[in-house]
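All chains are named by letter (A, B, ...) in the order of the sequence lines, taking the proteins before the strands, and each is independently numbered beginning at 1.
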Amino acid sequence: MKLKEKKNFQDMTNLKTFNIEKARELQRKIAKKVILYDDFLNPPQTVAGLDVSYKNKKAFAVAVILDYKNLKLLENKSISMDIKFPYIPTLLSFREVKPLSAVIEKLEIKPDVFLVDAHGIAHPYFSGCASHLGVSLDIPTIGVAKKKLVGDYNNPANKKGTWTLLKYQDQIIGAVLRTKKDCKPLFISTGHKVSLKSALKIVIETTKKYKHPEPLRLAHLLTKKVSTTKK
DNA sequence: GCGACAG
DNA sequence: ATCTTGTCGC
Ligand SMILES: [Mg+2]
């Protein structure tokens with residue numbers, strides 16, 4: 001898949017020269033570019049799932065594309081590269097956007113929407129990994145996280161499909177969705193070009209028998225398989 | 001100073 | 001995220 005050539009994403013993943021003020025500045029800049037309404041093929045025909053795993057100083061990124069209707073696997077790609085940035089809460093994008101961009105570039109099919117294993121705007125600077133990736137590559141993204149980073153919410157009822165709003169600083173930054181009974185809920189937020197309403201619809205429609213939506217479940221399984229195989 | 005803290 | 005076996009509950 002051809003990536004946006006325009007270089008509106010600075011490379012700040014060099015630890016030696018990393019500057020936290022510059023990083024926050026970039027996050028605020030990205031937040032301003034996030035599009036909160038729908039601007040993608042809706043309903044989508046294809047959905048991608050993205051995830052990254054780590055093993056021996058290496059990062060392994062996987063991208064899978066499923067048919068939106070039957071959730072069958074259409075394509076899957078993987079890449080590996082040296083870890084270039086440590087994990088620091090609120091700075092996850094500086095660790096994962098690089099490998100994710102690399103694997104997306106290898107895709108032959110251009111997915112209509114991407115599910116990312118991270119938050120979108122549900123971030124202290126409204127610039128989580130899903131938003132950072134979406135704005136940088138100009139692709140529609142949805143953030144799907146297993147735990148909250150910021151915000152307050154009421155626990156959704158213990159029934160599949162129920163959800164509550166995630167609020168932060170008097171703003172709605174996402175939703176807390178129960179994707180499976182007796183399982184902890186997932187945190188859904190706009191990444192880029194997908195409204196919260198559509199994000200919820202897409203996550204619900206791509207979640208079948210398990211807690212996670214199929215694209216992310218498959219991407220996660222594959223990324224672990226790849227990391228233990230290619231070591 | 002203390003607690004929270006995506007992957 | 002990663003390191004890991006058994007164990008509890010639907
Ligand atoms: Mg992950």
Side-chain angles (χ1 to χ4, degrees), chain A residues 13 15 20 23-24 27 30-31 34 49-63 78-103 114-136 141-153 155 157-160 166-169 173-192 196 199 203 209-213 215-231:
Chain A
T13 60
L15 257 188
I20 188 64
R24 298 309 187 200
Q27 294 186 313
I30 286 171
V34 168
L50 306 172
D51 197 13
V52 184
S53 66
Y54 303 88
K55 189 87 172 185
N56 301 324
K57 307 294 182 181
K58 285 275 190 179
F60 298 83
V62 163
S78 66
I79 63 93
S80 70
M81 61 171 69
D82 291 332
I83 293 176
K84 296 171 182 174
F85 202 84
Y87 167 68
I88 300 173
T90 73
L91 298 177
L92 178 65
S93 59
F94 293 96
R95 179 176 169 85
E96 303 200 329
V97 163
K98 204 83 172 181
L100 288 178
S101 297
V103 77
F114 292 77
L115 295 183
V116 187
D117 179 31
H119 286 292
I121 64 171
H123 176 282
Y125 289 84
F126 309 99
S127 181
C129 195
S131 293
H132 195 141
L133 183 73
V135 170
S136 298
T141 59
I142 295 170
V144 179
K146 296 176 283 296
K147 294 185 292 186
K148 82 155 189 177
L149 176 57
V150 293
D152 298 294
Y153 67 95
N155 220 29
N158 188 18
K159 178 184 178 183
K160 180 176 181 176
L166 177 62
K167 302 176 182 178
Y168 179 63
Q169 294 182 342
I173 58 174
V176 186
L177 173 67
R178 186 82 64 182
T179 51
K180 178 176 180 177
K181 187 174 183 296
D182 294 328
C183 283
K184 294 172 67 177
L186 295 180
F187 297 78
I188 316 303
S189 61
T190 288
H192 187 50
L196 178 58
V203 170
K209 181 179 180 182
Y210 304 94
K211 171 182 178 179
H212 289 88
L216 286 180
R217 195 177 74 82
L218 283 183
H220 191 252
L221 286 175
L222 284 176
T223 196
K224 285 206 295 185
K225 177 185 287 183
V226 173
S227 66
T228 53
T229 298
K230 311 190 81 173
K231 210 171 187 179

Item to check | Non-hydrogen atoms of A:Ser53 and A:Ser227 that approach each other most closely | outcome: OG-CB, 3.4 Å
Next on the checklist: Just the rounded figure in Å: distance from C1' of B:dC5 to CD1 of A:Ile88.
Outcome noted: 12 Å
Checklist outcome for this item: Rounding to 0.5 Å, atoms OG (A:Ser93) and CD1 (A:Ile30) come to a distance of 6.5 Å
Checklist outcome for this item: Separation of B:dA6 atom C1' from A:Leu115 atom CG, nearest Å, is 16 Å
Next on the checklist: Output the pairing pattern of DNA chain C as a dot-bracket string, 5' first, Watson-Crick or G-U wobble with both distances under 3.5 Å, | for cross-strand pairs, [ ] for crossing pairs.
Outcome noted: ..........
Item to check | Point-to-point distance, once rounded to the nearest 0.5 Å, from CG of A:Leu115 to CG of A:Asp51 | outcome: 11.5 Å
Checklist entry - Given B:dG7, B:dA6, C:dC3, which nucleotide is nearest the side-chain atoms of A:Pro89? => result B:dA6
Checklist entry - Is the distance from OP1 or OP2 of C:dA1 to the nearest side-chain N or O of A:Lys224 less than 4.0 Å? => result no
Next on the checklist: If I take atom OH from residue A:Tyr210 and atom CG from residue A:Leu216, how far apart are they, to the nearest 0.5 angstrom?
Outcome noted: 15.5 Å
Next on the checklist: Tell me the interatomic distance from A:Asp152, atom CG, to B:dG3, atom C1', rounded to whole angstroms.
Outcome noted: 14 Å
Next on the checklist: It should be established whether A:His220 places a side-chain nitrogen or oxygen under 4.0 Å from OP1 or OP2 of nucleotide B:dG7.
Outcome noted: no
Checklist entry - A:Phe85 vs A:Phe94 aromatic rings, parallel, tilted or perpendicular, using cut-offs 30° and 60°? => result tilted
Checklist entry - Dot-bracket for DNA chain B, 5' to 3', with Watson-Crick and G-U pairs under 3.5 Å, [ ] for crossing pairs and | for other-strand pairs: what is it? => result .......
Next on the checklist: Less than 3.5 Å apart, any donor N or O on the side chain of A:Arg24 or A:Ser127 sitting next to an acceptor on the other?
Outcome noted: no
Checklist entry - Which is true for A:Tyr87 with a 4.0 Å heavy-atom rule: it touches a base, it touches only sugar-phosphate, or it touches nothing? => result base
Every protein N/O lying under 3.5 Å from an N/O of nucleotides 8-10 of chain C:
residue	atom	partner	partner atom	Å
C:dC10	O3'	A:Asp182	OD2	3.2

Checklist entry - Could you give the NZ-to-C1' distance, from A:Lys148 to B:dC5, as a whole number of Å? => result 9 Å
Next on the checklist: Applying a 4.0 Å non-hydrogen cut-off, can you work out what A:Leu100 is touching in the nucleic acid: base, sugar-phosphate, or nothing?
Outcome noted: nothing
Checklist entry - Over how many whole Å does the gap from A:Lys147 atom NZ to C:dA1 atom P extend? => result 8 Å
Checklist entry - Taking atom OG1 of A:Thr90 and atom CG of A:Leu149, what is their separation to the nearest 0.5 Å? => result 7.0 Å
Checklist entry - Rounding to a whole Å, what distance do you find between A:Leu149:CG and B:dG3:C1'? => result 14 Å
Next on the checklist: Without decimals, in angstroms, what is the distance between A:Glu96 CD and B:dA6 P?
Outcome noted: 12 Å
Checklist entry - Any chance NZ of A:Lys160 has more than 12 other-residue heavy atoms, nucleotides or ligands included, within less than 6.0 Å? => result yes
Item to check | A:Phe60 CZ - C:dA1 C1' separation (whole Å) | outcome: 13 Å
Item to check | Closest non-hydrogen atom pair between A:Asn158 and A:Asp182, with its separation | outcome: OD1-N, 2.7 Å
Next on the checklist: I'd like to know whether the aromatic ring centres of A:Tyr87 and A:Tyr54 sit less than 6.0 Å apart in this structure.
Outcome noted: no
Checklist entry - Do the side-chain N or O atoms of A:Lys146 get closer than 4.0 angstrom to the phosphate oxygens (OP1, OP2) of B:dA6? => result no
Item to check | Ion pair A:Lys57/A:Asp82, N-O distance below 4.0 Å | outcome: no
Checklist entry - Just one of A:Leu221, A:Leu186, A:Thr179 clears the side-chain contact (heavy atoms from CB on, under 4.5 Å) bar with A:His212, so which one? => result A:Leu186
